[in-house]
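Keep in mind the model is a prediction, meaning the values are calculated, not measured. Note on naming: letters A, B, ... go to the chains in the order of the sequence lines (proteins, then strands), and numbering restarts at 1 for each one.
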Amino acid sequence: MTIRESKKKWLACGVGLLWFLILLWPMLGITPDGLEFGNTLKVFGYVAVAALIIMLFYQVQQAGRLEAAERPLKAVGGAIQAAYEKTPTWMVLAVVFALAVIYPLLTGRYAHDVAIQVLVYVCLGLGLNIVIGLAGLLDLGYIAFYGVGAYTYALMSLHFGLSFWLCLPVSAFFAAIAGCIIGYPTLRMRGDYLAIVTLGFGEIVRIILNNWMALTNGPNGILSIPRPEIFGYSFRSLSSMYYVILGIAIVTIISVYRLNYSRIGRAWEAIREDETAAELMGVNTFLLKLLAYAMGATFAGFAGAFFAARMKFVGPESFTFLESAMVLAMVILGGMGSIPGVILGVLALVALPEVFRELELYRMLVFGGVMTLMMLVRPAGIWPAKRVGRRSEEAE
Amino acid sequence: MDDKTPILELKNVVSAYGRIQALKGISLKVYDGEIVSIIGANGAGKSTTLMTICNIVKAVSGDILYKGKRINGVGSDVLPAMGLCQVPEGRRIFPRLTVLENLDMGAFFRTDATGVKEDVERVFDLFPKLRERSRQLGGTLSGGEQQMLAMARALMSRPKVLLLDEPSMGLAPLLVKQIFDIVKEINSQGVTVVLVEQNANLALQAARRGYVLETGNVVMEDDAAKLLANPDIRKAYLGE
Amino acid sequence: MKRLLVLAVALAALGLFLAGCGEEKKADQVLKLGTMSPLTGPYAADGNDIRQGAEIAAEVFMEAGGIPGYSNIEVIPQDTACDPKQAVAAANKLINEKVTGVVGAYCSSSTIPASETLAEENIIMLTPASTNPKVTERGLPYMFRTCGRDDHQAPAAVKFMKDVEGVKTIFIVDDKTTYSQGLAEGVAMAAKEAGIEVLEHDHVNQGDKDYSAVLTKVKAANPDLFYISLQNSATGALMVIQARRMGVTAILMGQDAVYHPKLIEIAKGDAEGMFCTFGAIDKDAPSYKEFLTKYKAKSGNEPGAYSAYSFDSATAYLMAVKAAGTTDPVKVRDELLKLDFTGASKHIKYQENGDSGSNYTVYKIQDGTFTPYWNSLTGEKY
Amino acid sequence: MDFEFFIQQLINGITLGGVYALIALGYTMVYGIIQLINFAHGEFFAAGGYMGVILISYLASQGLHPYACLAIALVLAMGYCALLAMAVEQLAYKPLRNASRLAALLSALGMSIFLQNGLMLTQGVYDKAYPTEITSGGFHWGLISVSYMQIFIVALTASLLVGLNVLVFKTRIGRAMRATAQDKVMSALVGINSNRIIAVTFAIGAGLAAAAGIMVGLYYGSVSYTMGFVPGIKAFAAAVLGGIGNITGAMIGGLIIGMVEIFAAGYISGEYKDVFAFIILIGVLYFKPTGIMGENVDDTRV
């Protein structure tokens, strides 16, 4: 980096900080009692010092001064990479699987709870990944299917006493039907029009859940939903529930993997890349798009049924737009269309707020900031899918 | 500026779309007042050359000199005010602006309202068709009219150097001839023209000198007449 | 390369995570008390009151001598965001932190699933704000409630309407939360029994700001009394302002969730003459005055609606632990049931099911403050 | 009586629709120029509301006339939000201009969460009360009542809309905005600095949102840090309903959504009013996939 460029960066940093001060001061400093500067300068001081340290570090790193420190790290990275590339995939998977299986033995309750959340979101993320990552349909109301799944299990088990294992496919089936209902009128729309319509559908489902007292008990939600049982063994403890969702997640991962490399998966990708061309090549876009909605919804249905069993309670608060946005964020952040990417995205977005729990009130602030930052650093996601065509300008 | 310094010069310019190198070291010179044609097959890098000059595609290395000054990295939006103006491939008129508004956009950086008004009249004289259509939306014009509008819009900035990309594309032969006549007319008013064309025959007939591009390299440069006479060229680009 | 790096980082993070979670923290001599309340989201205001109430209770208790055998009382606040899922996560987090008692949560829909989780580990939970009857009606031995119950509040409100104000017709609006709707239905039912005509029972949604459509209906129906059952004091204020501006002349009546100084601060003159039911807090009682000075001194702001309840919940728990000399839930429960004291909010005596009884009082907003107006237990005006 | 009821609801609908329209304009302008659903737009609206109450309280304490306070606060808050929007654009959207549109969408979502929580941290979790005395009062005819504030909202909305239309269709900068929206490369080639135009667009959109924020604060009496979310979604729906990218469309869309909501609440049921709003939206888009005023979008743009 030349001195001129470096100067430019420092200037940009300075202007940014100045701008930040201008934006911050009115919020903190103007009070009915008069103008005040102390508070603002304190907050600004922290931010400025942090920014300058980061800048300094960045400059030093760019200037190559840190190479000495980086070299061993890079060597280790290289060694790991070499080892990773030599190891057959099945071995890596076996290690991951083994870790997942013994996980509850090593950890406490809270970690189980977080792990369960992660796995639930893995199912949701992979389901949404079919709709958005493979078929390229932007869906902002995905959480509605999750809600349908959850309420299906809750109602079936309470009113008809059906077991969890029987309800699991039934929930998925109902969610898939909901997927088709939502999918049908939206098939003619594209892009952002689709986004707002799916958002609208998601809201409609939530409002109905909140208001149809006779069926859903409205805002009170449904209480005392039974936990799953098998041959008289009840999955009462958190760690046993962990194994249930682990099983569901593995089934989901395998099915999505198979779908991904099937004829249908290729057809979806064709639709994503160029719908008109796909149609001209004889792909039945109408049916396939509907199928994408239905398949995506199916996995959300599984996750929903589990969610109801795990919480023993379902209420409409769990199925808001923000939740849809969260799942969407996981998929995009991880890397659309790639299974490990989605899993990484879920890990990042579920684990981060939990890690930040210590920050209390600053938790969501940091979360939002990190989300933007991650997109700026890796716009294609943490682990982009291989088959997604790389845009030339993104190449490194 | 003496006659020896070219008004526009490229020295060993390399540019790339991501990892794919599009220009592998182009050097060319354009002197004040001439018409220079750049010919070549599809994908030879002709349009990329113009886009690189205007900094839409970033030059990775090499120098782009305009009036002897290095203009690498100068913002695309600054160049028209310096007298360097491009009519890009596919015309790219603003479809939901009227013809008059399109022309106004051409003179965006200019602040002399009366001068702009005069120039509108001047280009209407040059392209009388446009005067009839001045209140129509750009997107409703026919292909030939759009080409005329694109050129007229470029003229609104009173360019010193006009970069013309494929003005003949998709036009009927009669129209093509008309367009080339106008190019010569513009040139005779003192505007230097760089003409990128697939229609090598017409382009070389109109130009004083020519460059032949192949896969991102200049493979030949000469007077237009000599290029026209070159049997290799005739075989490769003129279909003989 | 970069991808591998990401993988490495992810693995490292996971490892750290595992290590952090697996680590058993040494039990030191600090009593850990958790709080659960919505610290973010639309109900953050009330959630903050709850957190502060418990924190100040711990401080006050320490200053008064603390608990023998414990060097300190640590309050660990957790955010529920009024979302069941986050509430359960918060409960699990608190279990991991080895708390022995929890004050919270705010929304009944958070309290119920969180209490199920806490019950698995026999942790005592005292809610200062969840008034839904279901909270204490599920047979959980360690669930206590310091505030009143909706099914006591509704009859009290209706009794007031009939006996004191002589109301013949009412219009009810709620905002479709577990709490607000449950209460509104209770009021509707009690009103019918009491011979008051319910002209209409309408609903608005949470997050709405514009109530003009429903208020136009109120105006057209012209009831004697307009009963406002909303989850939040600020939305209550919006409803009051808009109602008066629309020209609704009916008597306005709200409930405990809109009972908050913010209601008056926002609605200003429009709130004058409005009635609210709230658990009787005797502001002249020495226990309340003591609480008020300490609360103001420590937090720097006025206590909110649930601050006193939260303060009392925490105090009750700490007193029980002190009396039991241990945090063993069975013993602490016994001590909690034995407690009989006057707190900042009311006289507290827990019953076998965990309730502490309701003593709803009707307050009237006069000259910019809530003034006690009518006591539902005695049936007399103050 | 029934007629009066109808008229009153109509007035309510126009007021609410006006607010939605002002917010929707920001969405539609930003979308028109860089095809980005700017999720942070609702937060500009909330920030404007807060800035309004901060400034009005401060100016009032300095002894200024209430109307002068209001006018100055309105201008300053619009300016503040314009600066805020430009900062957000520069930081979170500009680096992603060439990345996939979903990346920018997510970045916007992150910014929305960030700003909302920033507002919470600086302004506290409690709702802030507006000094409503400035604009209290109104007309009453029988059952119908129109407050001065409603008249003020409609008047200000209308004048801002007219001003915006003049700006976009009659001025140089407006032409440049339209040109940039239609073809960014070409507009650069004729000498338009598209980055600057985009920044200006963000600034104008946020300024309008700030005006809406102050009006909402005055009309409803308070502001809260979560206030941007729900109107944000409604305004987004309004922008799409009208044909996203189209200014007149956003106005019409805002009015329709406001009207549908009010009339659904007034005549059918309060709790399902949003369902009706969304059903209308879906219905319109089903029969006219590009919205009421929308032109056919080029397939490649999606």
Side-chain angles (χ1 to χ4, degrees), chain A residues 73-74 76-78 80-81 84-85 99 103 106-117 120 207 210-211 213 217-221 223-224 236-238 307 310-318 320 322-323 340 343-344 347-348 351 353-355 357 360-361 363-364 378 382-384 396, chain C residues 1-8 10-11 13-14 16-24 39-41 44 48 77-79 81-86 88-97 107-110 112-113 116-117 120-121 132 134 138 174-182 203 205-206:
Chain A
L73 269 179
K74 271 188 183 154
V76 172
I80 293 175
Q81 183 176 23
Y84 174 77
E85 270 166 11
L99 270 178
Y103 178 81
L106 305 172
T107 53
R109 273 192 80 92
Y110 172 61
H112 297 173
D113 191 63
V114 174
I116 289 175
Q117 271 193 51
V120 168
I207 295 168
N210 202 27
N211 289 304
M213 289 302 293
N217 202 20
N220 303 338
L223 285 170
S224 21
R236 200 156 287 145
S237 75
L238 211 51
F307 176 75
R310 182 242 169 296
M311 300 287 287
K312 296 162 83 175
F313 168 84
V314 287
E317 294 100 328
S318 303
T320 56
L322 206 65
E323 205 71 8
I343 295 174
L344 272 181
L347 262 179
E354 296 302 328
V355 172
R357 232 169 221 287
E360 289 183 32
L361 290 180
R363 180 162 76 109
M364 289 313 279
R378 291 192 74 78
I382 303 174
W383 188 315
E396 292 150 60
Chain C
M1 179 62 216
K2 212 162 193 175
R3 182 174 295 185
L4 244 315
L5 219 71
V6 172
L7 185 72
L11 278 177
L14 197 69
L16 271 177
F17 204 50
L18 289 175
C21 298
E23 185 190 358
E24 291 290 315
L39 300 176
T40 56
N48 220 26
Q78 288 293 321
D79 180 20
C82 203
D83 166 13
K85 180 178 51 97
Q86 288 217 41
V88 169
N92 277 311
K93 175 87 181 166
L94 286 174
I95 292 171
N96 235 42
E97 295 277 350
C107 297
S108 297
S109 55
S110 295
I112 290 169
E116 302 255 347
T117 305
E120 288 170 15
E121 297 288 324
N132 193 295
K134 285 249 167 58
R138 292 164 298 149
D174 71 58
D175 68 352
K176 298 296 284 191
T177 61
T178 309
Y179 156 76
S180 68
Q181 191 188 352
H203 314 275
N205 292 313
Q206 292 175 71

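Applying the side-chain hydrogen bond (donor to acceptor under 3.5 Å, both in side chains) test to C:Lys85 and every residue at least two apart in sequence or in another chain returns A:Tyr121, A:Glu323. The side-chain hydrogen bond (donor to acceptor under 3.5 Å, both in side chains) search around C:Thr177 returns C:Ser180, C:Gln231, not counting sequence neighbours.
The candidate with the highest count of non-hydrogen atom pairs below 4.5 Å against chain C, out of A:Met213, A:Lys312, A:His112, is A:Met213.
Using a 4.5 Å cut-off between heavy atoms, C:Cys82 contacts chain A through its backbone alone, with no side-chain atom that close. For C:Ser108, no part lies under 4.5 angstrom from a heavy atom of chain A. Residue contact with chain C, scored on non-hydrogen atoms closer than 4.5 Å, involves the side chain of A:Leu223 exclusively. Contact annotation for A:Leu238: only side-chain heavy atoms (C-beta onward) come within less than 4.5 Å of a heavy atom of chain C. For chain C, the nearby parts of A:Asn211 are the backbone and the side chain; heavy atoms of each come within less than 4.5 Å.
Rounded to the nearest 0.5 angstrom, A:Arg310 CZ and C:Thr117 OG1 are separated by 6.0 Å. The distance from the CG atom of A:Asp113 to the CD1 atom of C:Ile95 is 8.5 Å, given to the nearest 0.5 Å.
Between A:Val114 and C:Lys93, the closest side-chain pair of non-hydrogen atoms is not below 4.5 Å.
Contact record, C:Asp83 with A:Glu317: OD1-O, 4.4 Å, taken as the closest heavy-atom pair. Taking each heavy atom of C:Pro84 and A:Phe313 in turn, the nearest pair found is CG-CE2, 3.7 Å.
A donor-acceptor distance shorter than 3.5 angstrom exists from the side chain of C:Asn96 to the backbone of A:Tyr110, with no hydrogens or angles considered.
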